[in-house]
2 protein chains.
Amino acid sequence: MKKKLLISDIAKQLNISITTVSFILNGKAKEKRISDSLTARVLKLVEEVNYKPNQLAQSLRTGKTKTIGLMVEDISNTFFANIARLIEEKAYKAGYKIIYCSTEDDTAKTRDLISMFRDKHVDGYIITPPPGVEEDIKELIAEGLPVVLLDRTLPGLPTNFVGVDNRMGSYSATEHLIGQGYKKIALVTTESGQSQMLQRLEGYEQAMAHHQLAPKLLKIPFRVTTEDMIPKIMAFLDDLRQRDDLDAVLFATNYLALRGLEAIDKLELRVPADVGVVGFDDHDIFRLYKPSVTAVAQPTEAIADQVINMMLDQLDTDDRKQATTTQTAVLPTSLIVRNSTTRR
Amino acid sequence: MKKKLLISDIAKQLNISITTVSFILNGKAKEKRISDSLTARVLKLVEEVNYKPNQLAQSLRTGKTKTIGLMVEDISNTFFANIARLIEEKAYKAGYKIIYCSTEDDTAKTRDLISMFRDKHVDGYIITPPPGVEEDIKELIAEGLPVVLLDRTLPGLPTNFVGVDNRMGSYSATEHLIGQGYKKIALVTTESGQSQMLQRLEGYEQAMAHHQLAPKLLKIPFRVTTEDMIPKIMAFLDDLRQRDDLDAVLFATNYLALRGLEAIDKLELRVPADVGVVGFDDHDIFRLYKPSVTAVAQPTEAIADQVINMMLDQLDTDDRKQATTTQTAVLPTSLIVRNSTTRR
DNA sequence: CTGAAAGCGCTAACAA
DNA sequence: TTGTTAGCGCTTTCAG
């Protein structure tokens, strides 16, 4: 078990002071006018013996951990998993590590996590907020900590935010269905008051209204388990079907669409002949499924870019309580037309 | 921005020494025979003002971070995502946090990650090792750090390990196919020398040999991109098909099965009539796909349990270089029979 | 250019 | 039972 190297070890070996080594290691050699040759010798030795400063000590001293906390609704959802992967990659390039967690859209859990991140002294917070965490986030901001909200905003809380134009996304999805000759279009969404879900609802309603079509809604409570979702969707669709009032469905999230496809399958409805299907958020399965499923795709790469840029921006602007200006990025979605909405 | 509370603040407020507070907070009140009433008062104040010890300082002092590093091959693969989620949950209950990372089965990246974890001073390592990291892992063990390998072992490296009986898993999957009347059974696997893949190959070969059937293999190089995989699989299957030498395929991982299904689809083969299909590692899609896909399922919950238990075990046994005894858990898989292998 | 020294906040041996 | 105090390893001010 080889002894851990200390900065003092390397100072000693070179017969110079710890200070000098520290300056050089922190890129202040020029600033402190340390000779190039000394600088080179130090760097060389550090390299050779593979000295690594103790990050804990560093962080304790500087108050910076070079770590960003990322809390998404559900890391096992491909949409969030992709965003997380991209953010991590980009953060890494800027010298930051990412710690992730899933909120499961649970207020209590999220507050716990925020508190855990604070304990860990993360330098910045990227959050997909569940309802009810407004106060906690306000507090973070009040303490001058960088915060970027992702995917959804919190009502009455001006914050740095990155998301997509959800209203437009579902509006154009609905328009697309109508363009394909579908008229009896239902929307299956969640009951939550999350901003992005409300916008998706709004877009659908506007498109329907625009064509004088009657909206048909199913709102699934958030806490419903995967298994319970399917019968609920089946009952809803079957009921409409009985009344001959259904020929297409827009699902407001990818997991709703997944459950929805199972429901449709069990009802033995044919897609796209009996019902057209569109999902919000693309998913691998949609490409594979038969028929392949039309989806409103979010630009994950662009989202990740914006998020990390906003974060690094704030991190750079250092202390300065720049909480005054908040940035917002609303990105466009794109409709990926596949076979589930193509009637011939 | 409220001032961060220090242990000295709370000592001062109660007119007692820092030591006393520290002892109480660390559960040493009894041991140090501090009066119950004082203990209660301290705990009460701590609760009231919501004092939280600075973890960085704590860790710097004690050398423990209460953090476990978890490196899986690919966190976006449902198999690993599930395991990770379960491990995190169980670790959390024991007071440990988890930091995850994906190795992407890349040796260099993994070594980087191990080194990053060391920088972060994680207390233990749970690793799905790619080839070529034997030395790094040996070093960890040599330094007395707890290590548990997951999913696959490293040749010539006795370590704590949790995995499944891969040989038996593919053996029984192959037997199942044979039982269903399939005879011209192919195996699509990766080229890697990973222990678990070799075992899956072995099980298949043994079952085929047992029935005097000729094995037919496709080994896909690991670095092949998703897109390139499909044509490779298509070519392989089509070739066998031409020679009338194919009626079933066993895919050695869930992502191979996914690509394989796409390939089979493009070849316009019918499942299970033209070809029977079995995947190794279950996947949500397999339930949803039409027809639903038979799979060899790993007991994720049990795996996570074993992993975390072994880890906590080592963490508890404290310093003691208990590197002498290594534990191994090999769990059974189960075959989930679905429609992709049921010929009528 | 370089060194001494003061902490960052907490734990725990040693005293009292 | 409780207080004093010496660090954990590093950064950074201040003085040469």
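For clarity, every value in this text was computed on a predicted model and none was experimentally measured. Numbers restart at 1 for each chain; the letters A, B, ... are given by sequence-line order, proteins then strands.
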J.: Name each donor-acceptor pair under 3.5 Å that joins a side chain in residues 37-45 of chain A to protein atoms two or more places apart or in another chain, with its distance.
T.:
unit_1, atom_1, unit_2, atom_2, d
A:Ser37, OG, A:Ser35, OG, 3.4
A:Thr39, OG1, A:Ser35, O, 2.9
A:Lys44, NZ, A:Glu48, OE2, 3.2

J.: Not counting sequence neighbours, list each pair that qualifies as a ring pair (Phe, Tyr, Trp, His ring centres under 6.0 Å) and has a residue in residues 94-149 of chain A.
T.: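 Listed by first then second residue: A:Tyr100-B:Tyr100.
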J.: Taking only side-chain nitrogens and oxygens of A:Ser17, does any of them come within less than 4.0 Å of OP1 or OP2 of C:dT2?
T.: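 No, no such contact exists.
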J.: In terms of side-chain geometry, is the basic nitrogen of A:Arg118 or A:Glu143 positioned less than 4.0 Å from the acidic oxygen of its partner?
T.: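 Salt bridge flag = yes for A:Glu143 with A:Arg118.
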J.: When you check the side-chain N and O atoms of B:Thr107 and B:Thr110, is any donor under 3.5 Å from an acceptor?
T.: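 No - no donor-acceptor pair under 3.5 Å links their side chains.
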J.: Is the backbone N or O of B:Ala57 less than 3.5 Å from a side-chain atom of B:Ser59, with the two atoms forming a donor-acceptor pair by type?
T.: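 No, because the side chain of B:Ser59 does not come within donor-acceptor range (under 3.5 Å) of the backbone of B:Ala57.
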J.: Can you measure A:Ile24 atom CD1 to D:dT11 atom C1' for me and round it to whole angstrom units?
T.: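 Between C1' of D:dT11 and CD1 of A:Ile24: 14 Å.
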J.: Closer than 4.0 Å, any side-chain N/O of A:Gln58 to the OP1 or OP2 of D:dG9?
T.: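 A:Gln58 to D:dG9 OP1/OP2: no side-chain N or O under 4.0 Å.
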J.: Would you indicate, yes or no, if D:dG3 has its OP1 or OP2 atom less than 4.0 angstrom from a side-chain nitrogen or oxygen of B:Thr20?
T.: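 For D:dG3, OP1 or OP2 has a side-chain N or O of B:Thr20 closer than 4.0 Å.
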J.: Strictly below 4.0 Å: does B:Tyr51 bring a side-chain N or O up to OP1 or OP2 of C:dG9?
T.: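 No, because none of the side-chain N or O atoms of B:Tyr51 sits under 4.0 Å from OP1 or OP2 of C:dG9.
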J.: Under 3.5 Å, which N/O atoms of the protein pair with N/O atoms of nucleotides 14-16 of chain C?
T.:
none

J.: Tell me whether the guanidinium CZ or amine NZ of A:Lys32 lies under 6.0 angstrom from the six-membered ring centre of A:Phe23 and within 45° of its axis.
T.: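 Here A:Lys32 passes the 6.0 Å and 45° test against A:Phe23.
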